[in-house]
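Encoded as structure tokens, the structure appears first; notes follow it.
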Amino acid sequence: MSLVTLLPFIVLIGAMFLMTRSAKKKQQQAADMRNQMQPGSGVRTIGGMYATVKEVSDDTVLLDAGPGVELLFAKNAIGAVLSDDEYNRIVHGIEHDLKSDVVPDDASSLTEADEPAAAAASDDKPVDFGKKDEKDEAEKPSEEAVAAEAKADDEPKKTDGDSDAK
């Protein structure tokens, strides 16, 4: 056999090796993540439920999903172990105070007092950002249209010939 006929088989075997290698690497990372769970960690199950780890054994995890709600899950059912900040943000709605971490871009914001800025903001009138369609303006009848409609109401209406009168 020549090298040209063997080349597609070699490429195919190499691609299969690379695919199985990346899948094994992902499985190993997931197993490491599950093994690092400790009581008190926040987790998300593969079903999307958020809970706190209460106990960890070899193959199972006891989760505290709320007051008086304890659930036993297989370790493989844990989709992610969350950091404390992320868990509190998702479950309790507690945001990390980012304003204390922000450095101002210019020195003028350091010298200004907050009170004048708040007073200036309260003096502004609220702005209506609602979009007005042309249909809304067209729906408002003009005086001529109202008069024509009133005149049409006074005239006898034509029917298809079906009437109850005999």
Side-chain angles (χ1 to χ4, degrees), residues 1-140:
M1 285 195 185
S2 69
L3 184 62
V4 175
T5 57
L6 289 177
L7 188 61
F9 293 112
I10 294 172
V11 170
L12 183 64
I13 291 170
M16 288 174 43
F17 173 74
L18 290 176
M19 285 189 279
T20 58
R21 182 174 167 220
S22 66
K24 284 182 182 179
K25 192 180 283 187
K26 286 181 184 179
Q27 287 176 347
Q28 184 62 38
Q29 288 175 347
D32 290 342
M33 179 243 345
R34 290 181 187 113
N35 289 333
Q36 292 176 357
M37 279 188 297
Q38 298 175 359
S41 301
V43 295
R44 181 184 68 237
T45 65
I46 58 174
M49 184 184 71
Y50 293 92
T52 306
V53 176
K54 195 166 186 180
E55 273 183 37
V56 180
S57 64
D58 292 338
D59 295 329
T60 60
V61 179
L62 185 64
L63 300 179
D64 182 16
V69 180
E70 293 179 354
L71 304 165
L72 186 64
F73 275 84
K75 267 191 177 179
N76 291 339
I78 304 301
V81 177
L82 307 172
S83 67
D84 290 339
D85 288 339
E86 185 178 8
Y87 181 77
N88 287 332
R89 181 183 60 81
I90 293 169
V91 175
H92 303 295
I94 300 171
E95 291 287 333
H96 177 65
D97 186 18
L98 296 177
K99 291 186 179 183
S100 64
D101 299 340
V102 175
V103 177
D105 290 338
D106 59 343
S108 64
S109 65
L110 296 174
T111 58
E112 291 178 4
D114 291 334
E115 294 173 10
S122 65
D123 291 341
D124 295 338
K125 294 181 181 177
V127 179
D128 182 22
F129 291 111
K131 183 177 177 183
K132 295 182 180 177
D133 294 336
E134 293 175 11
K135 289 189 288 185
D136 295 341
E137 293 176 9
E139 287 178 2
K140 296 178 183 175

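These numbers were taken from a predicted model, which means no experiment stands behind them.
Listed by chain and residue number, Lys54, Leu62 satisfy the side chain to side chain contact (heavy atoms under 4.5 Å, CB included) test with Glu70 (two or more places apart in sequence, or in another chain). When the salt bridge (Lys or Arg N to Asp or Glu O under 4.0 Å) test is applied to Lys75, no partner is found at least two apart in sequence or on another chain.
Annotation: the span from Asp59 atom CG to Leu72 atom CG amounts to 10.5 Å, rounded to 0.5 Å. How far CG of Asp58 is from CG of Asn35: 9.5 Å, rounded to the nearest 0.5 Å. If you take CG on Asn76 and OG1 on Thr60, they are separated by 11.0 Å, rounding to the nearest 0.5 Å. Between atom CG of residue Asp84 and atom OG of residue Ser41 there is a gap of 7.5 Å, rounded to the nearest 0.5 Å. Here CG of Asn88 is found 10.0 Å from CD1 of Ile90. Values are rounded to the nearest 0.5 Å.
Side-chain atoms of Asp32 and Gln36 form no donor-acceptor pair, as typed in the model, at a separation below 3.5 Å.
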Under 3.5 Å, side-chain donor or acceptor atoms of residues 7-23 against the rest of the protein: list the pairs with distances, not counting sequence neighbours.
residue	atom	partner	partner atom	Å
Thr20	OG1	Met16	O	3.1
Thr20	OG1	Phe17	O	3.0
Ser22	OG	Met19	O	3.0

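Here the closest heavy-atom approach between residue Leu63 and residue Ile78 is recorded as CD1-CD1, 4.1 Å. Contact detail for Ala65 and Ala51: the closest heavy-atom pair is CA-CB, 4.1 Å.
Taking 4.5 Å as the limit, every side-chain heavy atom of Val81 sits out of range of all side-chain heavy atoms of Arg34. Between Val43 and Tyr50 the shortest side-chain heavy-atom distance does not fall below 4.5 Å. Taking 4.5 Å as the limit, some side-chain heavy atom of Phe73 sits within range of a side-chain heavy atom of Met49.
Around atom CD of Glu55, no more than 12 heavy atoms belonging to other residues, nucleotides or ligands sit under 6.0 Å away.
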Practice problem: Just do the side-chain contact (heavy atoms from CB on, under 4.5 Å) check on Met37 and Val61 with the steps written out, would you? | Solution: CA-CA 9 Å; Met37 279 188 297; Val61 179; 3.5 Å; yes
